[in-house]
Amino acid sequence: MIKKVKQALVDGEGCRVYGELDVQRVAGNFHISVHGLNIYVAQMIFGGATHVNVSHMIHDLSFGPKYPGLHNPLDGTVRILHETSGTFKYYIKIVPTEYRYISKEVLPTNQFSVSEYFSPMNEFDRTWPAVYFLYDLSPITVTIKEERRSFLHFITRLCAVLGGTFALTGMLDRWMFRLLEGLTKPSPRGAYR
């Protein structure tokens with residue numbers, strides 16, 4: 001088995017992790033590492049903690065269903081390590097969110113922000129590299145509502161645009177008139193010579 005794993009590493013293979021986790025609504029973490037291996041086996045496969053490559057790509061990470069306009073900050077994240085190893089920590093602040101559709105349907109979900117920290121390994125570290133996702137929930141809930149603007153709102157905005165256009169063209173007309181009048185009118189000093 002160890003030979004097969006070593007050959008997979010030489011061939012550039014890696015792990016593909018996907019799935020869903022049901023967690024309590026309290027602070028916690030999940031991580032991806034080689035901690036579950038027997039230390040002797042991990043030592044045989046990798047030749048030490050400094051040779052474990054925790055390069056990773058996060059295609060999609062969300063805390064609940066997606067709603068229109070949601071952008072999760074870790075989606076598409078790529079971290080590639082060359083010639084080094086270490087531990088990545090993503091500190092995630094989850095904000096409970098209610099998305100209210102025009103149809104009055106409510107979608108309970110979450111959005112989040114993230115801070116990232118990388119700690120490089122040195123040969124004297126006694127820990128193994130990993131990718132940690134440490135999350136905490138905000139006590140405040142955000143509500144997002146879909147709304148249609150009324151026809152009266154449209155008319156008000158249209159009048160504002162037309163009024164601004166009318167005022168601007170009036171000012172430009174006045175300035176052009178004064179400029180042309182100043183250029184074409186004979187100067188009074190030239191008449192007394």
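Everything quoted here is computed from the prediction, not taken from an experiment.
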Does [atom1] belonging to [X] count more than 12 external heavy atoms closer than 6.0 Å?
X	atom1	result
R157	CZ	no
Q24	CD	no
K93	NZ	yes

Could you state whether [X] and [Y] fall into the same hydrophobic cluster, counting links through intermediate Ile, Leu, Val, Met, Phe, Trp or Tyr residues with side-chain heavy atoms under 4.5 angstrom apart?
X	Y	result
L70	V114	no
F88	L134	no
Y132	L21	no

Measuring from [X]:[atom1] to [Y]:[atom2], what's the distance to the nearest 0.5 Å?
X	Y	atom1	atom2	answer
I144	L107	CD1	CG	10.0 Å
E105	E146	CD	CD	10.0 Å
T109	Y67	OG1	OH	7.0 Å
I92	L61	CD1	CG	5.5 Å
Y117	K89	OH	NZ	7.5 Å
F166	C159	CZ	SG	13.5 Å

A side-chain contact here means heavy atoms from C-beta on lying under 4.5 Å apart; do [X] and [Y] qualify?
X	Y	value
Y99	P68	yes
I58	F133	yes
N72	F63	no
H56	V17	no
L74	F112	yes
R149	F154	no
V54	M121	no
V23	F30	no

Between [X] and [Y], is there a donor-acceptor pair closer than 3.5 Å when you use the side chain of the first and the backbone of the second?
X	Y	value
N110	I94	no
Q111	V95	no
S55	L81	yes

Q: Identify the heavy atoms of P129 and T87 that sit nearest to each other, and give their distance.
A: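 The answer is CA-OG1, 3.8 Å.
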
